[in-house]
Amino acid sequence: MHALSCWRSLGTCARTQATSALRRLSIIRPACQAGGDDRPCPVYVSCCVAEPVQHNCYKTKMASLRPTTYRRILKLLRNFNRNPTPSSFHRSLSLSHNVCQEFPEVGEDKPLFPGASSTYTEQLRFLGRDVYEPIPVYRVMNKMGKIIEPSQDPGLDQAVVEKMYKNMTTLNAMDKIMYESQRQGRISFYMTAYGEEGTHVGSAAALDDRDIIYGQYREGGVLLWRGFPMEKMMNQCYGNKDDTGKGRQMPVHYGSKEHGFMAISSPLATQMPHAAGAAFALKRAGLDICTVCYFGDGAASEGDAHAALNFAATLDAPCIFFCRNNGYAISTPTSEQYRGDGIACRGPAYGITSIRVDGNDVFAVYNATKAARQIAVTESKPVLIEAMTYRIGHHSTSDDSSAYRSVDEVKYWDREGHPIGRLYNYMLSKNWWDVDRDKAWLAEVKKEIMQNFQAAEKLKKPSPRYMLTDVFDKSSKRLTRQAEEVKRHVEQYKEHYPIDKFEDL
Ligand SMILES: Cc1ncc(C[n+]2csc(CCOP(=O)(O)OP(=O)(O)O)c2C)c(N)n1
């Protein structure tokens, strides 16, 4: 019998006037129990009463509930009635198989502590990292782009695979040009995604375009996949007048409401609890979409990562946590970042379904993300994916990685099993691509990037007045005064400011 319990808050505040022994409140829907019946049906609200040695579920009248609880239940039911499918029911209520604590027969020797469901042992044994086998790395293709196990071939058609390849090579070509542009002092900062193209494109391709993305900063390929124009990326990096962020953030801090991509911000891992919270909101709204949160192996050490994973698990939030484990956090290798089995092994400890994949295998990333999305959306649960990859580029243009890792190591990864080379080989084996097409495509994409780049460089910077707008939704008196002061000051001392490069104040 499926018992679908209400939110945790509802459960803890639920209390009938009749008994204080009420532990939780559950809503039971008969059609769900009967198995997948889509028709609307009555929903019974019942409360579970737990006594020391027995457990019973009693139907209760809504009127006997506290007014706040009663109002919450009505709201839940209204949401459910608007879209009464089993899936929307699962999404508007948390699925719980453990509605009431089960008490064993008298005399049975079993731990009853509410904190864990376990057995007793008389052996004094600590657990070390050797109790678990390291989590295997799921892959579909080998390093030569050959499908290893045919049943795992996602069977994507030529157009989709070609889009994947074009996306990955576009990102790579754009990175080269933007990186060089920074070296020449034309933009202030840049971060490449060399070697990680498969993680961006494989995951983005498996999502619904309505799913909401929370990125770290090295996920430009996800935006490209969603059709975010290259021109806008350049505008952001140049902080020019057409940048939707009004030139306020550092380069590569992209964001696009239209493409469901939350604006990037520099403080690591802060996007993680946001993604968990947003997923919870999506569930409450009864929407069949999820959030996807990208982060690095370094960011996973932040306190916010813990908060996010635990909140998502306990709130049954449909959020895919996608870790790009590229071996480094600037100069910190993973051996100094953690001593456990990477990031994936942390998932089950939070009660989160988890998997480790070969991040350089775009099909493995695709399959894992597609399956994760299915779990997140239909079961309303978080999923953790750890994509193993290698950061081939420097951390950013402010970093020289030869100071802390060998050039040979980097060369190895650039040569062996590179995500773009692997997909290229796969396409060759299918006769979907050839050397001449490749040359023509790479020349075409380079030309397009250069055109966008030059156009973005020519545009003026946004008006300096935007420095003081959007601090709050409406400008305060103090900000308005400061804006006037700035204007007066710049007009008086204009020869000291590069005003010709900016739009009017
Ligand atoms: C809270 C916080 N601490 C430190 C930094 C400085 N910082 C920027 S990027 C970075 C490394 C992040 O590494 P990782 O999460 O593995 O991502 P990667 O750069 O490898 O993609 C650090 C420490 C920051 N931005 N925010």
Side-chain angles (χ1 to χ4, degrees), residues 154 156-178 190-193 196-246 249 251-264 271 275 278 282 287-294 320 322 324 362-363 365-366 369-370 373 377 419-420 423 427 432-433 441-456 459:
L156 299 172
D157 61 31
Q158 184 175 350
V160 177
V161 176
E162 207 172 296
K163 180 176 171 187
M164 284 176 153
Y165 182 75
K166 287 188 168 174
N167 226 203
M168 286 158 77
T169 44
T170 302
L171 177 64
N172 188 271
M174 202 177 82
D175 277 353
K176 282 181 187 143
I177 289 168
M178 298 309 279
Y190 195 71
M191 291 174 120
T192 64
E196 298 184 43
E197 296 88 348
T199 61
H200 301 204
V201 173
S203 54
L207 299 174
D208 186 302
D209 278 351
R210 294 170 306 144
D211 293 338
I212 299 170
I213 312 288
Y214 288 78
Q216 181 156 311
Y217 45 60
R218 215 185 289 282
E219 293 91 13
V222 176
L223 268 169
L224 281 180
W225 179 269
R226 290 194 166 190
F228 187 69
M230 186 190 294
E231 176 197 349
K232 290 201 172 183
M233 282 181 151
M234 309 270 172
N235 290 339
Q236 198 284 328
C237 289
Y238 271 99
N240 66 26
K241 71 176 187 58
D242 286 354
D243 168 25
T244 37
K246 301 188 179 122
Q249 286 229 66
V252 308
H253 287 53
Y254 308 119
S256 173
K257 205 170 174 181
E258 202 187 330
H259 298 86
F261 194 101
M262 291 290 156
I264 304 297
Q271 79 279 17
L282 294 178
L287 297 172
D288 282 337
I289 54 174
C290 62
T291 59
V292 187
C293 179
Y294 292 89
I320 301 175
F322 191 104
R324 295 175 293 95
V362 69
F363 293 152
V365 175
Y366 175 86
T369 311
K370 204 165 176 64
R373 187 179 188 279
V377 172
I420 294 182
L423 189 60
M427 289 166 80
W432 288 351
W433 204 244
W441 160 250
L442 293 179
E444 181 190 327
V445 78
K446 192 171 169 194
K447 194 170 148 203
E448 192 194 338
I449 294 167
M450 288 309 292
Q451 279 167 354
N452 279 294
F453 170 80
Q454 279 156 3
L459 291 180

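Only heavy atoms go into these numbers, but all of them, side chains included; no hydrogens, no water, no symmetry mates. When a residue number appears, it is its place in the shown sequence, counting from 1.
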Which pair of non-hydrogen atoms, one from [X] and one from [Y], has the smallest distance, and what is that distance?
X      : Y      : value
Arg373 : Leu207 : CD-CA, 4.0 Å
Ala173 : Val445 : CB-CG1, 4.3 Å
Ala456 : Met234 : CB-CB, 3.5 Å
Gln249 : Gln236 : O-NE2, 3.9 Å
Cys293 : Ala275 : CB-CB, 3.6 Å
Met178 : Cys237 : CE-CB, 3.5 Å

- Item | Under 3.5 Å side-chain donor-acceptor pair for Thr199 and Tyr294 | no
Is it the case that the side chains of Asn172 and Lys176 hold a donor-acceptor pair, with the cut-off being a distance below 3.5 Å and no angle test? yes
With rounding to the nearest 0.5 angstrom, report the [atom1] to [atom2] distance, [X] to [Y].
X      : Y      : atom1 : atom2 : value
Lys163 : Asp157 : NZ    : CG    : 12.0 Å
Lys446 : Thr169 : NZ    : OG1   : 13.5 Å
Phe322 : Thr291 : CZ    : OG1   : 14.0 Å
Glu444 : Lys166 : CD    : NZ    : 6.5 Å
Phe261 : Phe228 : CZ    : CZ    : 8.5 Å
Leu171 : Ile420 : CG    : CD1   : 7.5 Å

Does [X] reach the side chain of [Y], with side-chain heavy atoms less than 4.5 Å apart?
X      : Y      : answer
Glu197 : Leu423 : no
Val292 : Ser203 : no
Val161 : Trp433 : no
Ser256 : Thr244 : no
Met233 : Asn452 : no
Pro419 : Val362 : no
Tyr165 : Trp432 : no

Under 3.5 Å donor-acceptor, [X] side chain and [Y] backbone:
X      : Y      : answer
Glu219 : His200 : no
Gln271 : Ile264 : no
Asn167 : Trp225 : yes
Asp243 : Asn240 : no

Contacts satisfying salt bridge (Lys or Arg N to Asp or Glu O under 4.0 Å) that involve residues 251-260 (not counting sequence neighbours) are none
*Leu156 and Tyr366: side chain to side chain contact (heavy atoms under 4.5 Å, CB included), yes or no, with the steps?*
CA-CA 10 Å; Leu156 299 172; Tyr366 175 86; 3.5 Å; yes
Practice task
Give the intermediate values and the outcome of side chain to side chain contact (heavy atoms under 4.5 Å, CB included) for residues Asp288 and Asp208.
Solution key: CA-CA 10 Å; Asp288 282 337; Asp208 186 302; over 6 Å; no
